[in-house]
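Throughout, a chain's letter reflects where its sequence line sits, starting with A, and its residues are numbered from 1.
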Amino acid sequence: MSPPRPYTVVAELSYRCPLKCVYCSNPIEFHTMLDELSTEQWCQTFTEAADLGVIQLHFSGGEPLVRKDMLPLIRHAHACDLYTNLITGGTLLDEVQLKEFKTAGLEHIQLSIQDTDRKTADTIAGMPSYDKKLAVADSIRKLGFPLTININLHRLNIDRVPEIITQAAELGAQRLELANTQYYAWALENRGALMPTREQYDRAEQLAREARKRYQGTMEIVFVKIDYFGDRPKACSGGWARSYMVITPTGEVLPCHAAHAIPHLTFESVKDKSLTEIWQDSPALNAYRGEDWMQEPCRSCEQRTVDFGGCRCQAFLLTGDAAATDPVCGLSPLHDVVIKAAQEAPQESTDLVYRDLRTSRRLSTQSTHATDATRS
Amino acid sequence: MVDRPHRLDSWQPRLASKARLRWDKVEKQYMLVFPEAALMLNPTAAEVLKLCDGDRSVPDIIDTLYEKFAETKREQIEEHVVELLTRIHDRGLLETESES
């Protein structure tokens, strides 16, 4: 089978970050992943990505701006005709850099905010950051960069969806991502404090739907659902290793940022092999391409070309089998696992686990760090 | 005669800053690229968007294309142009200058 054409690369330049957001999706074990790719290694990877057909390149992390080589990376990606997006927390950004990035060819910026309430926003991020982010958003708009605002929604901020939408519009955002937190990695550690109630979630979805109509043509509003509350799975990442890939700071090529959760897969690094070889031949990327790996009911289901059987990581975490039907699907024989998890009363928890190197080391030394999403 | 929405007459369309035309070497087609997505363009659509420079009006664009593709009826060109520009505008990818 010839490999599919990839359209998107998320380049996680570093897992270092000045912020400590409690919902972060970076791996808990990130303290073992500090041996980052060089500028040359990244540039070679971008060249190959463009040759494979990639169009969209997202600079991400951690915080990509901890790198000292953003300018050569942006210039090279732009020279490869990649549409470049900087995904940043904004606290390391200033106007001088922004001007340099614009000249170098950066086309878009995605800025994270944590809340519209300063105190809560700074609590979620683990440090004062709210004021700096607003100032940076202003500079971004003044310099004419298209701006996406991204906010992780959870119990601590989900009741402020109207204010969040208004603020994004006032900041001149052309796009707003209301990204309901997914409970992997650090978010899983904090699930007791973060998981919203069904009522909160439904209200947020309703408000987003209404706002989408009001802002049509001026600000695109994306609402990333909690699929636990649905009946059919998402077409996760557009299908396993089909059109999207994540490249970690150490060069591993993954079909999504959660794929570390599947222990029997070995992901290859561009330190050892070319991106072209990995995209085409890596056993881990080929493991769930096509339909041969599917079990029933997916195997003969009409929806298999639409949702590709859902999320492999979620299937593994909830059923122990990465090839199983994503139990989010109502047709899965294990769907009641999800119903039970969705009905769990959110725990009143005030202790937040902050994402930093010290905590990464501490959690990794604890006995078999469980990634089971149903663990309470 | 195409029932053209009155408001397009005053447009001087230009691609929004977040969108750009890109020649795709793999599909050998033009595409419109913007955050998180891309639209493949047939040759006519590409020609239309290339003419969206913020100075030309919609009738100007139709005229230019009619001069280039004289075998096609002007009404047909008008229909394509109006449909495409309306669709792109509704997705926030087109500025109309006169509205700003």
Side-chain angles (χ1 to χ4, degrees), chain A residues 2-10 49-58 78 80-87 102 105-111 140-150 169 172-177 179 212-213 215-222 224 237-238 243-244, chain B residues 4-43 45-46 48-50 52-55 58 81-100:
Chain A
S2 63
R5 170 191 177 166
Y7 286 91
T8 301
V9 166
V10 175
D51 287 341
L52 284 169
V54 171
I55 297 165
Q56 305 268 1
L57 176 63
H58 303 276
H78 184 68
C80 296
D81 205 16
L82 295 164
Y83 186 98
T84 50
N85 176 31
L86 175 67
I87 300 177
K102 193 145 230 276
L106 184 64
E107 301 202 56
H108 182 270
I109 299 181
Q110 177 176 311
L111 178 68
I140 289 170
R141 188 183 43 84
K142 278 210 203 94
L143 284 168
F145 278 107
L147 170 66
T148 292
I149 296 282
N150 171 287
Q174 303 191 353
R175 197 159 167 279
L176 169 63
E177 286 181 3
R212 191 174 296 125
K213 287 189 216 131
Y215 285 98
Q216 209 208 356
T218 51
M219 181 170 76
E220 187 190 347
I221 298 176
V222 176
V224 182
S237 305
S243 61
Y244 175 95
Chain B
R4 181 166 72 225
H6 174 70
R7 65 196 174 117
L8 263 79
D9 288 345
S10 62
W11 286 10
Q12 284 171 261
R14 182 208 292 275
L15 285 180
S17 63
K18 66 179 172 180
R20 84 171 148 87
L21 273 178
R22 179 185 177 277
W23 174 253
D24 189 61
K25 287 181 284 197
V26 175
E27 296 287 323
K28 306 229 187 334
Q29 278 184 274
Y30 274 101
M31 56 185 348
L32 192 61
V33 189
F34 47 100
E36 307 290 339
L39 277 175
M40 283 292 177
L41 300 171
N42 63 45
V48 173
L49 294 183
K50 277 188 205 171
C52 292
D53 56 11
D55 290 322
V58 171
V81 169
V82 165
E83 187 276 330
L84 174 68
L85 293 184
T86 307
R87 187 157 40 99
I88 304 279
H89 178 256
D90 287 348
R91 287 189 72 162
L93 302 174
L94 197 73
E95 280 156 19
T96 58
E97 298 289 302
S98 60
E99 282 183 352
S100 57

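The aromatic rings of B:W23 and B:Y30 sit perpendicular, their planes meeting at an angle over 60°, well past the 30° parallel limit.
Chain B forms more heavy-atom pairs under 4.5 Å with one residue of A:Q174, A:H108, A:H58, A:Q110 than with any other, namely A:Q174. The greatest number of non-hydrogen atom pairs below 4.5 Å with chain A, out of B:A37, B:A19, B:P35, B:S17, is found for B:P35. In terms of non-hydrogen atom pairs under 4.5 Å with chain A, the most contact-rich of B:E36, B:E27, B:K25 is B:E36. Per-residue heavy-atom pair counts under 4.5 Å with chain A were compared for B:L93, B:L94, B:V26, B:D90, and the maximum is reached by B:V26.
Atom SG of B:C52 and atom CG of B:L85 lie 5.0 Å apart (nearest 0.5 Å).
The shortest side-chain heavy-atom distance between B:L32 and B:L41 falls under the 4.5 Å cut-off. At least one side-chain heavy atom of B:V33 sits under 4.5 Å from a side-chain heavy atom of A:Q56.
Considering only residues two or more places apart in sequence or on other chains, B:E83 meets the salt bridge (Lys or Arg N to Asp or Glu O under 4.0 Å) condition with B:R87.
For chain A, no part of B:A16 is nearby; none of its heavy atoms comes within less than 4.5 Å. At a 4.5 Å heavy-atom cutoff, the contact between A:L82 and chain B is made by backbone atoms alone.
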